[in-house]
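Beneath this line is the structure, given in structure tokens, with notes to follow.
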Amino acid sequence: MKFFIDTANLNEIREAYDLGVLDGVTTNPSLMAKEGIKGEENIRAHYKAICNIVDDNVSAEVIATDLDGILKEGRELAKIDDKIVVKVPMIKDGVKALKIFASEGIRTNCTLVFTAGQAILAAKAGADFVSPFIGRLDDVATDGLELIAQIRHIYDNYGYETEILAASIRHVMHLIKCAEIGADVATCPLSVITGLLKHPLTDIGLEKFLSDHRKLNK
Ligand code: G3P
């Protein structure tokens with residue numbers, strides 16, 4: 001399973017990368033705004049700074065919602081660095097753009113996916129990644145993990161190569177369940193990645209090992 005970090009914060013990206021388990025980064029316009037990144041040049045520079053930290057897979061989202069705009073913006077984003085994956089919303093012109101980007105060798109991540117039908121469309125259009133939002137479905141009393149399982153089943157039925165990128169992950173159990181189901185990628189906040197480290201019995205056990213060692217090695 002690949003781990004992506006869902007943030008535009010450079011310090012958090014560096015921290016996750018330094019752990020040695022990071023395979024990529026996902027951003028979105030809200031995450032860029034949270035970091036105060038505004039203006040075309042600053043946004044491009046920020047994506048480049050992210051690409052300079054990680055090895056691959058930096059999702060950069062288009063703002064345009066019409067086909068010409070999505071294509072123009074996506075091509076510009078892809079020029080920033082070979083590591084860029086153009087993030088395209090699941091709308092009619094987005095689906096058309098996915099197909100065109102695929103024919104041009106530009107990698108894509110189809111975002112804002114909330115149904116299996118949308119995931120089928122994304123795969124048929126040639127998206128490299130599909131991003132179903134687990135947490136936001138849970139927020140409206142729908143089982144987000146069930147959607148991941150449904151998409152896994154459907155993609156396996158037909159051998160679709162689009163990678164299932166489980167997004168809107170809110171806690172460690174979301175990530176573990178996604179791994180059980182067979183999501184290809186999980187994108188999470190730093191707290192979820194570092195949360196995987198934690199268990200009270202690990203802390204208690206380590207303290208006991210060290211205190212036993214200290215007793216004999218004063
Ligand atoms: O980047 C897309 C997704 O992961 C957003 O998550 O927590 O805003 O629903 P969230």
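Whatever order the structure lists them in is the order used to number ligands and atoms, beginning at 1. Note that the structure is a prediction, hence the values are computed from the model and not measured.
Residue, atom and distance of the protein heavy atom nearest to atom 7 (O) of ligand 1 are Arg170 NE, 3.2 Å. In this structure, the protein non-hydrogen atom closest to atom 8 (O) of ligand 1 is Arg136 NH2, 2.8 Å. Protein heavy atom at the shortest distance from atom 4 (O) of ligand 1 is Asp6 OD2, 2.5 Å. For atom 6 (O) of ligand 1, the nearest protein heavy atom (residue, atom name, distance) is Ser168 CA, 3.3 Å. Closest to atom 2 (C) of ligand 1 among all protein heavy atoms lies Phe133 CZ, 3.3 Å.
Annotation: Asp203, atom CG; neighbour count of heavy atoms from other residues, nucleotides and ligands within 6.0 Å is above 12. For Glu15, the CD atom is loosely surrounded, since the number of other residues' heavy atoms within 6.0 Å does not exceed 12.
For the side chain to side chain contact (heavy atoms under 4.5 Å, CB included) with Leu31, the lone residue among Asp6, Val25, Thr26 that qualifies is Asp6.
Taking any N or O of Asn28, backbone or side chain, at least one lies under 3.5 Å from an N or O belonging to ligand 1.
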_As a quick check of understanding, evaluate ring pair (Phe, Tyr, Trp, His ring centres under 6.0 Å) for Phe129 and Phe4, giving each step before the final call._
CA-CA 12 Å; Phe129 299 95; Phe4 292 177; 5.8 Å; yes
*I would like to know whether Asp138 and Arg170 meet salt bridge (charged side-chain N to carboxylate O under 4.0 Å, His left out); could you show each step before the answer?*
CA-CA 10 Å; Asp138 289 358; Arg170 302 277 169 79; over 6 Å; no
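With a 4.0 Å cut-off on non-hydrogen atoms, Glu61 does not touch ligand 1 at all. With a 4.0 Å cut-off on non-hydrogen atoms, Thr26 does not touch ligand 1 at all.
Looking at Ile5 and Tyr17, their side chains never come closer than 4.5 Å, going by heavy atoms from C-beta outward.
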